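Every chain is numbered from 1, with letters handed out A, B, ... down the list of sequences. Computed from a predicted structure; not experimentally measured.
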2 protein chains.
Amino acid sequence: MKKVKRTTIYDIAAKLGITASSVSRALNNSNQVNEKTRELIMKTADELNYKRNTLASNLRKGQSKTIGIVVPRINQNFFSNVIAGIEEATYQKGYNLIICQSNELHDKEIQCVNTLINQHVDCIVISVSADGNDYQHLQNVIDHGIQLIQFDRVADELETLKVINDNEQASFEAVSHLIEGGYKRIGLLEGPQNLAIFKQRKLGYLRAFKAYNVPVIDELIVENAWTKELGAAGTRKLLNLPHPPDAIFASTSDFSALGVLEVASAMGIKVPAELGVLGYANESFSEITSPSITTIDQFSFYMGNTVANLFFQELENTDTKTKPKIISIKPELIIRASTSKNK
Amino acid sequence: MKKVKRTTIYDIAAKLGITASSVSRALNNSNQVNEKTRELIMKTADELNYKRNTLASNLRKGQSKTIGIVVPRINQNFFSNVIAGIEEATYQKGYNLIICQSNELHDKEIQCVNTLINQHVDCIVISVSADGNDYQHLQNVIDHGIQLIQFDRVADELETLKVINDNEQASFEAVSHLIEGGYKRIGLLEGPQNLAIFKQRKLGYLRAFKAYNVPVIDELIVENAWTKELGAAGTRKLLNLPHPPDAIFASTSDFSALGVLEVASAMGIKVPAELGVLGYANESFSEITSPSITTIDQFSFYMGNTVANLFFQELENTDTKTKPKIISIKPELIIRASTSKNK
DNA sequence: CTGTTAGCGCTTTCAA
DNA sequence: TTGAAAGCGCTAACAG
């Protein structure tokens with residue numbers, strides 16, 4: 001690939017015998033420029049196949065019209081939907097997205113954040129990785145005057161804009177649904193408790209028991225069961241108990257619920273008659289398993305939209321006194337076959 | 001968010017009573033700098049929380065260490081996997097990704113490409129949208145001296161680097177599998193024929209018939225059935241024929257195969273006994289439907305990796321004479337329950 | 001309405 | 001090994 005000399009505003013200016021400032025003004029739709037010269041400039045720019053050098057422009061203006069996104073995994077339904085939601089709302093305002101993935105590794109997350117700071121992004125949107133709980137790098141973002149927005153998996157201790165799901169309430173409603181459906185011994189597959197979202201889901205689980213005056217059975221709670229494989233292992237453990245559960249809430253994801261389904265099927269246990277199964281995230285597959293999985297929709301695309309709008313709102317908001325906003329999106333329980341004991 | 005004055009190399013230089021050039025040299029690991037001054041500079045940089053301004057650096061160097069990606073949809077399994085594959089390979093070399101989605105709209109695709117040119121990206125990786133077949137904007141990329149790599153959905157007429165799947169062969173093997181499995185009347189759900197990938201899949205379908213000396217039945221070919229809904233509609237039409245097919249190859253995607261499954265189930269037609277079903281893309285759900293769907297894996301993550309490596313290879317390759325490389329990845333037929341007539 | 005001028009932060013040649 | 005100086009392409013304050 002050989003180096004190509006690109007057309008600059010100087011080339012256009014030279015060709016028309018005017019100065020670069022006029023060209024710049026015309027190109028930026030300033031009204032400080034004669035209508036005829038503008039037309040001429042536009043025409044010439046087009047002829048010379050001029051493309052603005054955003055790098056130079058941004059350097060000069062001290063902003064980048066770029067938003068950096070850091071997620072654990074790009075190719076995970078929830079995250080790619082959030083990103084798509086952000087993209088939709090920001091693109092039309094002329095913003096670009098730089099996307100990084102942390103692979104759930106704290107060190108890579110730090111690297112990503114630093115790269116984004118270097119890039120002078122206007123805003124960093126992040127869902128923190130499961131690994132590690134030191135947030136110096138995020139404090140750093142703030143110190144550099146970059147807007148920081150956390151979503152879904154947030155570091156509570158950091159005072160920033162946040163867009164979260166009401167995990168606790170969703171979880172409460174899910175477990176209530178199980179109890180009302182006649183399930184008595186409800187097991188929980190929980191996620192890493194250093195992530196607030198999983199802690200909240202557990203709290204919702206516990207609150208439901210209290211609300212219905214049902215005692216919590218500790219041995220039915222399985223730690224760290226947040227993949228399909230770990231979910232399956234946890235289920236195997238639960239179902240081999242002297243008093244096995246009659247329902248399992250896979251609070252981490254539908255993948256882990258899938259693990260439950262597979263183990264149950266292998267052990268000849270009927271879902272939902274003998275075992276209720278409830279997942280989380282409304283993955284596309286959850287409606288086509290057999291039986292279909294009752295789950296919780298997180299409105300991921302909408303979440304991305306919300307993040308973007310929050311950013312634009314704060315951009316206009318000059319009042320720095322106000323406390324950083326926290327927007328909570330209420331997830332929705334989607335009832336399907338896997339929890340319909342009495343049908 | 002108030003403006004924060006960031007530390008620059010001048011701040012570091014001033015504090016140490018040296019010039020910015022030395023600081024720059026130290027920060028760039030030049031060996032033209034005294035070991036002691038380097039250490040001092042590094043230490044001070046750290047103290048002042050210095051972060052390089054990549055914008056300025058790139059402007060000066062005339063490159064951006066950034067790769068632009070344009071895909072129809074970010075939140076589609078295949079594409080997000082390819083992106084993840086690209087990310088993995090480029091991140092460790094210090095490249096950033098700017099990701100745009102065209103939403104299958106030709107106009108938005110043009111906009112995306114122009115934005116990326118403006119950003120002075122070093123390379124544009126694109127899978128073209130289904131809509132439109134004018135490729136002036138891609139020619140433009142080349143004219144601006146930016147490396148262009150097409151993948152999966154490529155514009156054949158453009159001589160660029162390409163990473164594609166051997167769709168024709170995969171399709172051929174898939175249909176051969178159906179024929180050998182005892183299916184006689186095999187229907188085809190085809191995609192928009194202006195996209196080469198769908199044309200190739202149809203060719204493979206036709207070639208299989210020829211290879212086995214089976215006549216092609218035109219009425220079993222349904223145009224433009226590339227979503228779940230369109231796939232379902234096409235299936236309804238096929239199954240209501242006087243001589244309905246005994247197998248359907250949903251060559252566009254597993255989503256459309258899902259549509260087939262649902263219609264068959266609604267009509268009480270047994271899969272695979274009465275109807276064989278074959279999808280495309282090996283979406284995560286395809287192994288958990290009932291019956292599980294026989295499909296074709298495209299190695300999307302690996303495809304992303306390949307794209308990235310191709311870019312780096314060309315970066316080193318100064319020889320511009322050679323024809324642009326086309327790398328073809330052979331997809332793999334994954335045989336599952338939906339085509340096992342005799343079991 | 002247009003031109004002049006300075007400078008965003010960095011790299012790189014040339015000279016010392 | 002270090003410094004001086006120029007300039008990447010663009011914008012914006014100021015002057016005319």
What's the [atom1]-[atom2] distance between [X] and [N], to the nearest Å?
{"X": "B:Gln32", "N": "D:dT2", "atom1": "CD", "atom2": "P", "value": "10 Å"}
{"X": "A:Glu35", "N": "C:dT2", "atom1": "CD", "atom2": "C1'", "value": "15 Å"}
{"X": "A:Ile12", "N": "D:dC10", "atom1": "CD1", "atom2": "C1'", "value": "12 Å"}

Check: [Y] main-chain N/O paired with [X] side-chain donor or acceptor under 3.5 Å:
{"X": "B:Asn75", "Y": "A:Ala84", "value": "no"}
{"X": "A:Thr54", "Y": "B:Asn118", "value": "yes"}
{"X": "B:Ser24", "Y": "B:Ala20", "value": "no"}

List for me each residue that meets side chain to side chain contact (heavy atoms under 4.5 Å, CB included) alongside [X], sequence neighbours excluded, and say none if there are none.
{"X": "A:Ala56", "result": "A:Asn53, B:Leu59"}
{"X": "B:Thr7", "result": "B:Asp11, B:Ile12, B:Leu48, B:Tyr50"}
{"X": "A:Asn34", "result": "A:Lys36, A:Thr37"}
{"X": "A:Gln76", "result": "A:Arg73, A:Phe79"}

Under 4.0 Å between any heavy atoms, over every strand shown, what does A:Asp11 touch: base, sugar-phosphate, or nothing? Just pick one.
nothing

May I ask you to say what B:Asn118 touches in the nucleic acid, namely base, sugar-phosphate or nothing, with a heavy-atom cut-off under 4.0 Å?
nothing

Above 12 or not: heavy atoms from other molecules or residues under 6.0 Å from CZ of A:Phe301?
yes

Expected output is a numbered-order residue list: members of residues 37-48 of chain B with a heavy atom under 4.0 Å from any atom of DNA chain D. What is it?
B:Thr37

Got a sec, which pairs hit salt bridge (charged side-chain N to carboxylate O under 4.0 Å, His left out) with one end in [range], sequence neighbours left out?
{"range": "residues 75-99 of chain B", "value": "A:Lys108-B:Glu87"}
{"range": "residues 40-50 of chain B", "value": "B:Lys15-B:Glu47, B:Lys43-B:Glu47"}
{"range": "residues 138-154 of chain A", "value": "A:Glu104-A:Arg153"}

Atom pairs under 3.5 Å: protein N/O with N/O of nucleotides 7-9 of chain C:
from: C:dG7; atom 1: N2; to: A:Arg60; atom 2: NH1; distance (Å): 3.1
from: C:dC8; atom 1: O2; to: A:Arg60; atom 2: N; distance (Å): 3.4
from: C:dG9; atom 1: N2; to: B:Ala56; atom 2: O; distance (Å): 3.3

Exercise: do B:Gln111 and A:Tyr91 side chains pair donor with acceptor under 3.5 Å:
yes

Could you list by number each residue of residues 16-30 of chain A showing a heavy-atom separation from DNA chain C of less than 4.0 Å, or answer none if no residue does?
A:Ile18, A:Thr19, A:Ser21, A:Ser22, A:Arg25

Can you give the dot-bracket line for DNA chain C, where a pair is Watson-Crick or G-U wobble with both atom distances under 3.5 Å, crossing pairs use [ ], and | marks a partner on another strand?
||||||||||||||||

Pairs where residues 118-143 of chain B contributes a residue and the test ring-ring contact (aromatic ring centres under 6.0 Å, His included) is met, not counting sequence neighbours
B:His106-B:His137

